[in-house]
Amino acid sequence: MGAKKANLSGELKKHFGFSTFKGQQEQIIENLQEGKDIFVLMPTGGGKSLCYQLPALISEGTAIVVSPLIALMKNQVDAVNGLSSESGVAHVLNSSLNKTQTKQVFDDIRSGKTKLLYVAPESLIKEDYLDFFKEVKISFFAIDEAHCISEWGHDFRPEYRNLKFIIDRIADVPVIALTATATPKVQDDIQKTLGMTNAIVFKESFNRPNLYYEVRPKVNVDKEIVKFINKHKGKSGIVYCLSRRKVEEFAQLLQVNGINALPYHAGLDQKVRVMNQDKFLMEDADVIVATIAFGMGIDKPDVRFVIHYDFPKSLESYYQETGRAGRDGGEGHCLAFYDPKDIEKLEKFLAQKPVSEREIGLQLLNEVVGYAETTMSRRQYILYYFGEVFDPVKGDGASMCDNSTNPPTLKEATDDLMKALKLIDENNEKFKSKDLISVIVGKENAVTKSYKLDQSSHFGLGKNESENYWKTVLRQATVQNFLLKDIETYGVLKISEKGKAALKGDLKEPFLIAEDRQFDLSQTKAESDQVQMQSSGGLDQNLYALLKELRKKVAKKHRIPPYTVFMDPSLEDMTVQYPVSVDEIAKIYGVGEGKAKKYGKEFADFIAKYVEENNIERTQDMVLKQVANKSSHKVFIIQSTDKKIDLEDIARAKNLSMTDLLKEMERIVYQGTKLNINYYIEDNFDEDTVDEFMEFMNESESDSMKVLLDEFGDELSDEEVRMLRIKFISDVAN
C-alpha cells in the first residue's frame with residue numbers, strides 16, 4: 001500500500017502540481033481504483049473534481065462524467081486539457097457538437113487519448129451513443145452535482161432519475177457520486193435512486209471558515225449593493241436574483257453606475273451566455289448578475305463576494321451559491337438582502353403547486369426564514385441544517401458572521417406574543433398575518449369590516465407599536481414554532497402544540513425577538529482582518545500585479561481562463577521565489593511538470609528580466625506567506641503536539657492540508673517556540689536516517705530546502721524533509 005500511496009502522490013504532483021492531497025481525496029481515489037462505489041459529500045472548494053479527474057487520468061479507458069450544465073462541462077474540459085501538453089484528454093459530448101466534432105470525440109476515445117468524457121444525462125439516452133459506449137473501455141462513471149437526482153435537492157432534474165438504468169446498460173464499472181450540498185434526507189434519496197446503498201460515504205465538514213455571512217433588511221437595496229461593490233472595486237463577485245427580468249435590469253443599473261457587470265440567465269442566447277461567462281472567468285468583467293443557472297461547478301477561485309438580491313428558495317441553494325466565494329481560502333463575503341414580502345411571493349407560487357411539492361417547498365422556505373431571522377451564529381445554523389455540530393464560540397470561523405461581530409439587540413415580547421395567540425385562537429385560526437396585524441394596530445380594511453373585527457376587544461390593542469413590529473412578532477412566533485402556516489388555505493396562521501401550551505400558561509422561557517439592526521458601510525471585522533492580512537509581509541506586490549497581467553495575456557492567447565494557467569497562490573509563490581527557469585517554475589506551489597512546460601517559459605523569462613532590472617537578490621526557499629490568516633491555529637498546534645496527537649489528525653481537525661500544517665509549524669519554530677514532534681518522528685522515520693539528517697544540518701551552512709533535498713531527496717519526500725527540519729530547528733535552535 002505504501003508504494004501505491006507514493007505512486008498516487010507522484011501522479012498528483014505530475015498532473016496537478018500539488019505535493020499533498022486535500023482532506024479525504026487520497027482515500028476516495030484509492031477506493032475508487034479498487035472498484036468500489038463511492039459517495040462524496042464535500043463543500044464547494046473542497047476539491048471534488050480532483051476525486052474523479054486524477055483517477056481518470058491514470059486509469060485505463062475513459063471515465064464518463066455526468067454533469068448538468070453545458071457551461072460547467074466546458075469550464076472543466078478547458079481546465080483538464082490545460083493540465084496536459086496533448087489536446088483531447090477531456091471532451092464534451094452534448095447537443096452543441098456538430099457531426100465532425102462528434103466523430104473527433106469518438107476517434108479520440110477509441111484511440112485511448114480521451115480520459116474524461118463529460119456528458120449531460122439526456123445525451124446518455126441516445127441509442128447510437130449507448131452502442132458506442134458498449135464497445136469501448138469505460139473506467140468508471142462520475143455523477144457530478146448528484147443532488148440533482150433528489151426531489152428534495154435544490155436543483156432537481158427528472159432526467160437524472162434514470163441514470164442507474166442507463167449505467168447498467170453500458171458497463172459494470174464503479175460509480176462515484178459527488179455533491180457539495182446534501183442534507184441527510186437528500187443523501188439517502190441519492191443513494192437509493194442510484195442503487196448505491198452499499199457505497200462508501202466520504203463526508204467532509206461543510207464549514208467554510210473563510211466565508212463571512214451577513215443578512216441585511218432589503219431597504220434601498222440597489223443603492224446598498226452599488227456602495228458595497230464600489231467598496232470592493234476590481235474584485236470578482238456574483239449577484240443572484242430570482243427572476244430573469246431582475247437580472248437584466250440590475251446588470252444595467254450596475255453598468256450605468258460604472259461597474260463592469262454582465263447578465264447571465266437561461267433565457268439569454270447561448271452564445272451571449274457563454275461569452276458573458278468567459279468574460280467573467282477571463283477577468284474582463286468584475287461582476288456577474290445571474291439567476292441560479294449560473295455558477296454550478298464554475299471553478300473560479302477568487303470570487304470575493306456573493307450577494308443575494310433576493311433570498312433563495314432553500315438553504316441548500318443558499319449554501320451552494322455562497323460556496324462560490326473564496327474557493328482559494330481568501331476573503332469571501334456572503335451578503336443577502338431579506339424582505340419577508342419576497343418569502344410571501346414564493347409562498348404564493350407554492351400555493352398553485354401539487355400538494356406534495358407544496359409541502360416540500362414550504363418546509364424548505366421555513367428553514368430559509370429561520371436562517372434570515374436567527375439571532376444565533378449563522379454558521380452554526382447552516383451546519384446544523386447539514387447535520388453538523390458547530391461551536392459558535394471556539395469553532396473555526398466562529399466570528400465570521402454579522403450575528404457574531406454585531407450581535408442583534410434582543411427584546412422580550414412575551415406579552416405581545418400572548419396578545420397575538422389569543423387573537424388567533426378567539427377567531428378560530430382563519431386569518432392571514434396581514435389581517436391579524438390590521439386588527440392589532442386598529443386599522444380598518446375590507447376583511448376587518450366584513451368580519452366585524454373592528455368591534456373586537458383586540459382591535460387597536462397594539463397600536464403603540466408599528467405594523468413592522470407586529471410582523472416581526474408573528475414571523476418570530478412562526479420561526480420559534482408557536483404558529484404554523486396552513487398549506488391548504490395559503491398564508492392562514494394556525495396555533496401549534498407549543499403555542500397551545502403557551503396559551504394554557506405553560507411557556508418554558510421568555511419570547512425574545514431581535515430588533516432591526518442599523519447598517520453602516522464601515523468595514524466589517526472580516527474585511528478589516530483581510531486588509532491586515534493582505535498588507536503584511538512577504539509578497540512583491542509590484543511583480544504580483546505584473547504577473548497577473550502576463551497571465552491574462554497568456555490566457556487570452558490560449559483562450560482559457562487566467563486561473564487555469566496558474567492559480568493566484570502560484571503567482572504569489574513566484575513573487576517570493578523569483579523562479580527564472582522552467583525547472584524552477586515546476587517547483588512552484590500548484591504548478592507541476594505539464595503546466596511548467598506549457599506556460600513556464602514566458603513567466604521565467606519575464607521574472608528573470610524583472611530580477612535583473614530591479615537588482616533583486618534571489619534567496620531560494622523563503623517560506624510562502626499564507627493565503628488565509630491562520631494564526632489562530634498556533635495554540636491548537638502546540639497543545640495538540642504536547643498531547644502527542646497524530647499530525648494527520650491535527651491537520652484534519654483544522655481542515656488544513658499537510659502542506660499548510662507544516663507551513664504553520666515552520667512559522668512556529670522559526671519564531672522561536674519549541675514544538676515537540678519526536679513522538680511522530682519515532683513512529684514514522686528510520687532512526688539512522690534521522691541521525692544522519694540531524695548530523696548534516698549541524699554541519700550545514702544552510703537550512704534551505706534546496707540544499708536539504710539535494711542531499712536527502714532520493715530517500716525522503718519534501719514533506720518528510722520539512723518535518724525533520726522542524727524537529728532540528730525546535731531541538732537545536734530553540
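- Q277 is listed as a side-chain neighbour of L281, based on a closest heavy-atom distance under 4.5 Å.
- Listed by chain and residue number, F311 satisfy the ring pair (Phe, Tyr, Trp, His ring centres under 6.0 Å) test with Y338 (two or more places apart in sequence, or in another chain).
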Test side chain to side chain donor-acceptor pair (under 3.5 Å) on H147 and E316 and set out the steps. CA-CA 10 Å; H147 55 267; E316 290 207 44; 5.9 Å; no

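- Atom-to-atom distance recorded for D328:CG and K300:NZ is 10.0 Å, nearest 0.5 angstrom.
- Closest approach of N210 to G330, counting heavy atoms only: ND2-O, 2.7 Å.
- Smallest separation of non-hydrogen atoms from G323 and R208: O-NH1, 3.0 Å.
- Shown here is K552, whose NZ atom has more than 12 heavy atoms of other residues, nucleotides or ligands within 6.0 Å.
- Here F337 and Y309 keep their ring centres 6.0 angstrom or further from each other.
- Put simply, the side chain of Y544 reaches to within 4.5 Å of the side chain of L571, judged on heavy atoms.
- Checked for salt-bridge contact, R327 and D302 miss the test: no charged N lies under 4.0 Å from a carboxylate O.
- With rounding to the nearest 0.5 angstrom, the CG atom of L163 is 6.5 Å from the CG atom of L124.
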Does the side chain to side chain contact (heavy atoms under 4.5 Å, CB included) test come out yes or no for L547 and M574, once each step is laid out? CA-CA 9 Å; L547 289 180; M574 288 177 203; 3.9 Å; yes

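- For E145 (side chain) and L178 (main-chain N/O), no donor-acceptor pair under 3.5 Å exists by modelled atom type.
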Criterion salt bridge (charged side-chain N to carboxylate O under 4.0 Å, His left out) on R304 and D286, from CA distance to verdict: CA-CA 10 Å; R304 291 291 160 241; D286 294 330; over 6 Å; no

Between I109 and H91, is a side chain to side chain contact (heavy atoms under 4.5 Å, CB included) present by the stated rule, with each step listed? CA-CA 9 Å; I109 293 171; H91 271 305; 5.7 Å; no

Which is it for R379 and C401 under the side chain to side chain contact (heavy atoms under 4.5 Å, CB included) test, yes or no, and what are the steps along the way? CA-CA 7 Å; R379 185 177 306 279; C401 90; 5.6 Å; no

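- A distance of 9.0 Å separates CD1 in I166 from CZ in F141, rounded to the nearest 0.5 Å.
- K235 forms no cation-pi arrangement with F305, by the criterion of a distance under 6.0 Å to the ring centre and an angle within 45° of the ring axis.
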Go through it in stages, so that I can follow the logic: the residues are K233 and N230, the test is side chain to side chain donor-acceptor pair (under 3.5 Å), and I'd like the CA-CA distance, side-chain angles, deciding distance and then a yes or no. CA-CA 5 Å; K233 257 222 172 327; N230 280 333; 3.2 Å; yes

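- You'll find the side chain of N403 reaches within 4.5 Å of the side chain of T374, heavy atoms only.
- Between the side chains of E204 and Q25, no donor N or O sits under 3.5 Å from an acceptor N or O.
- For F390 and Y384, the distance between ring centers is not under 6.0 angstrom.
- Within the 4.5 Å cutoff, side-chain heavy atoms of I167 are placed close to those of V175.
- Counting only heavy atoms from C-beta outward, the side chains of N260 and V287 never approach each other to under 4.5 Å.
- Not one N or O on the side chain of H308 forms a donor-acceptor pair closer than 3.5 Å with the backbone of D310.
- Within the 4.5 Å cutoff, the side chain of Q187 has heavy atoms near those of the L41 side chain.
- With no hydrogens or angles considered, a side-chain donor-acceptor pair links Y52 and D144 at under 3.5 Å.
- With rounding to the nearest 0.5 Å, the separation of CG in D78 from CG in D278 is 7.5 Å.
- Using a 4.5 Å cut-off on side-chain heavy atoms (C-beta onward), V89 and T114 make no contact.
- Put simply, the side chain of Y381 gets close to the backbone of E367: a donor and an acceptor are under 3.5 Å apart.
- Ring planes of H232 and H333: perpendicular class, angle over 60° (limits at 30 and 60°).
- Counting only N and O atoms by type, the side chains of Y240 and R324 include a donor and acceptor under 3.5 Å apart.
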Can V226 and D222 be said to form a side chain to side chain contact (heavy atoms under 4.5 Å, CB included), step by step? CA-CA 6 Å; V226 169; D222 292 355; 5.6 Å; no

I would like to know whether K548 and E572 meet salt bridge (charged side-chain N to carboxylate O under 4.0 Å, His left out); could you show each step before the answer? CA-CA 10 Å; K548 280 193 94 164; E572 288 175 358; over 6 Å; no

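- Evaluation of the salt bridge (charged side-chain N to carboxylate O under 4.0 Å, His left out) test over residues 257-276, restricted to residues two or more places apart or in two chains, returns none.
- Judged by distance alone, the side chain of S205 and the main-chain N or O of N207 form a donor-acceptor pair under 3.5 Å.
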Pair E283-S236, side chain to side chain donor-acceptor pair (under 3.5 Å): steps then yes or no: CA-CA 8 Å; E283 296 171 15; S236 289; 5.9 Å; no

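- The CG atom of D402 sits 4.0 Å away from atom CZ of R378, with the distance rounded to the nearest 0.5 Å.
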Would F202 and F39 satisfy ring-ring contact (aromatic ring centres under 6.0 Å, His included), going step by step from the backbone distance to the final call? CA-CA 6 Å; F202 289 92; F39 187 34; over 10 Å; no

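- Among residues at least two apart or in separate chains, salt bridge (charged side-chain N to carboxylate O under 4.0 Å, His left out) pairs with a member in residues 237-264 are R245-E249, K246-E249.
- A donor-acceptor pair under 3.5 Å is formed between the side chain of T102 and the backbone N or O of N98.
- Listed here is the closest heavy atom pair of P263 and L268: O-CD1, 3.7 Å.
- Looking at T405 and Y212, their side chains do bring a donor and an acceptor atom within 3.5 Å of each other.
- Here CD of E214 is found 12.0 Å from OG of S404. Values are rounded to the nearest 0.5 Å.
- Shown here for P209 and D396, the closest heavy-atom pair between the two residues is CG-OD2, 3.5 Å.
- Heavy atoms only, all atoms of each residue included: L350 and G361 are closest at CD1-C, 3.5 Å.
- With no hydrogens or angles considered, a side-chain donor-acceptor pair links Y318 and Y371 at under 3.5 Å.
- Within the 4.5 Å cutoff, side-chain heavy atoms of I64 are placed close to those of V119.
- Pairing each heavy atom of K164 with each of T193, the nearest pair is CB-O, 3.5 Å.
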